[in-house]
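A short write-up of the structure that comes next.
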Amino acid sequence: MADQSASARIGGYAAAVLAISQAEGVQAEVEDELARFAEALRSSDELQSTLADASIDVERRLRIVEDLLGGKALPATAALVSLVVGAGRGGELAEIIDATIDRAAAGRNRRVARVRSAVELTGEQRSRLTEAIKASSGLDVEIQAIVDPSVVGGVITEIGDDVIDGSVRSRLQQMRAGLS
Amino acid sequence: MARKTLRLFATLGAASAVLLAAAGPAGAAGETIGGCVLEQVHHAEEEYGSLGAVEADEKAFKDFEADLEGCVEAPSPILPELDEIIWGGLAFVILFGFMWRWGFPAVKRAMDARSEKIRSDLDAADAAKTDALRTKSDYEAQLAEAKTAAAAIIDDARAQADQLRQDLQARAEADIAEQRARAAADIESSRRQAIDDLRNDVAAIAVGAAERVVGASLDAGVHRSLIDGYIDEVAAGTSAGNGDGS
């Protein structure tokens, strides 16, 4: 029941953010900036806990958001992040951003493929990966590329709950499991 | 009883007759010669009127002389006078009658009572002896029973002690065996844990070293090659899947 309530709440915030970005006419840019902010948020536990900590004054948390995005992202992106944090949902910010991107892709009859790699993918690699996923699964996807050094090498692709793991990290983990 | 009484009275009558027959005529014990002479004189004067008349009659004179000589005779040292025998016999008979009527029964009752008391005492003594023997027998039986019970208690206590000792020994052996097993299990668990820890440490070191080696050897060309190879595998549908889907 609590999960359903949280999912509905996250979906509501995502719809609002998407509607605002569409209304501002900067949907694609906002999606890209929000995806990068979500990536930075996931890589920093301190930032996540700070934005989610209700004991910290809201003004201070909004000032942190302004310091991170002010002048570096579109005003709409900063405003939307501040909207969520100001509403006291900083702990669900990453999930709201993911839901926003998924909802936007669904609006284009596509799904989001979150691709993690140790180095940034080239445009040609993105196109080829998009085609490869369509060829293997029949899905039209939009690539959300995330640079994650912990992958070490190779690529990990997540489409919803499906994971295609071709990373060196997973190979090393398998080797470690074999040795243990 | 009646015959016995008659024989007793006959004996008494015979004895009295013998005494009366043997009694002396004038020598009663306690009568003086002078008194006797005076009595004979008075008797002769009453019979003949005077002593002169006695002297005149030769026969009377001889009788008078004989009577006087009788006064001179000494009294019998054994036989009493007749009157004494009569009074004495009468007193004896009276006393005997009293004794027969009241004395003898009282004595007999006393003797009977005494005999009865002695008999009862003897019976009581016998009873007491019997009781004492019975008590002694009971005591000996109780003593024997007590000895038997004591022996049984001692045997039981010894058996319980043996059982307790065996139980304690068995328990101690079981505890020792359990402790040994537990110690062996602990040792085995520790050994396995140590091996697992060592294996994990070795794996971590090996993987860490591998990561460092791989990370150092992954240049841009290798990264590109790995990504291209991954894309080709996805296109061919052969790439490794993880999670709920393919």
Side-chain angles (χ1 to χ4, degrees), chain A residues 102 111-143 145-180, chain B residues 177-246:
Chain A
D102 290 343
R111 298 187 64 180
V112 176
R114 292 184 175 81
V115 179
R116 299 178 184 277
S117 59
V119 296
E120 191 168 5
L121 299 180
T122 64
E124 185 266 343
Q125 287 173 332
R126 289 189 179 205
S127 298
R128 285 180 55 211
L129 183 57
T130 302
E131 293 300 326
I133 292 172
K134 182 175 178 58
S136 63
S137 63
L139 296 175
D140 289 325
V141 298
E142 293 181 358
I143 299 296
I146 301 169
V147 177
D148 185 356
S150 68
V151 175
V152 183
V155 179
I156 301 172
T157 300
E158 300 174 12
I159 305 172
D161 293 332
D162 296 333
V163 178
I164 305 171
D165 193 344
S167 66
V168 173
R169 182 182 67 186
S170 68
R171 302 291 174 85
L172 291 172
Q173 288 175 346
Q174 290 174 1
M175 183 178 72
R176 179 171 183 170
L179 291 174
S180 299
Chain B
E178 184 180 358
Q179 289 178 0
R180 282 180 179 172
R182 191 180 301 132
D186 291 343
I187 292 171
E188 179 63 18
S189 176
S190 299
R191 189 180 68 82
R192 289 182 179 178
Q193 184 63 43
I195 291 173
D196 291 342
D197 292 342
L198 180 61
R199 186 176 296 163
N200 289 332
D201 292 342
V202 169
I205 292 170
V207 172
E211 282 182 354
R212 285 191 295 273
V213 170
V214 171
S217 63
L218 291 179
D219 56 10
V222 175
H223 277 300
R224 185 172 54 253
S225 175
L226 288 172
I227 293 171
D228 290 343
Y230 172 81
I231 292 171
D232 291 341
E233 289 179 359
V234 170
T238 58
S239 179
N242 192 8
D244 295 335
S246 62

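All values reported here derive from a predicted model rather than from experimental measurement. Letters A, B, ... are given to chains in the order of the sequence lines, protein chains preceding strands, and every chain is numbered from 1.
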Please say whether more than 12 non-hydrogen atoms of neighbouring residues, nucleotides or ligands are located less than 6.0 Å from CZ in B/Arg192.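 Not buried by this count: 12 neighbours or fewer within 6.0 Å.
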For B/Arg212, all residues meeting salt bridge (Lys or Arg N to Asp or Glu O under 4.0 Å), sequence neighbours excluded: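 Listed in chain order: nothing, the list is empty.
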Can you sort out the partners of B/Asp186 under salt bridge (Lys or Arg N to Asp or Glu O under 4.0 Å), two or more places apart, ordered by chain and number?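 None.
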Pick one: which of A/Glu124, A/Gln125, A/Glu131, A/Arg126 meets side-chain contact (heavy atoms from CB on, under 4.5 Å) with B/Ile231?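 Output: one option passes, namely A/Gln125.
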Contacting region of B/Ile227 [heavy-atom separation from chain A under 4.5 Å]: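 Its backbone and side chain both get close to chain A.
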Looking at A/Ser136 and B/Ala235, what are the two nearest heavy atoms and their distance?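 Smallest heavy-atom distance, with atoms named: CB-O, 4.5 Å.
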Provide the closest heavy-atom pair for B/Asp228 versus A/Arg128 in the form atom of the first, atom of the second, distance.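 Closest approach of B/Asp228 to A/Arg128: OD1-NH1, 3.1 Å.
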Nearest 0.5 Å please: distance from the CE atom of A/Met175 over to the CD atom of B/Glu211.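 One gets 8.0 Å once the value is rounded to the nearest 0.5 Å.
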Show me the side-chain donor-acceptor pairs of residues 149-160 of chain A shorter than 3.5 Å, one per line, residues at least two apart or across chains.
unit_1, atom_1, unit_2, atom_2, d
A/Ser150, OG, A/Asp148, OD1, 2.7
A/Ser150, OG, A/Asp148, OD2, 3.1
A/Ser150, OG, A/Arg169, NH1, 2.9
A/Thr157, OG1, B/Tyr230, OH, 2.8

For residues 194-208 of chain B, give me every residue with a non-hydrogen atom less than 4.5 Å from any non-hydrogen atom of chain A.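 Residues in range: B/Arg199, B/Asn200, B/Ala203, B/Ala204, B/Ala206, B/Val207.
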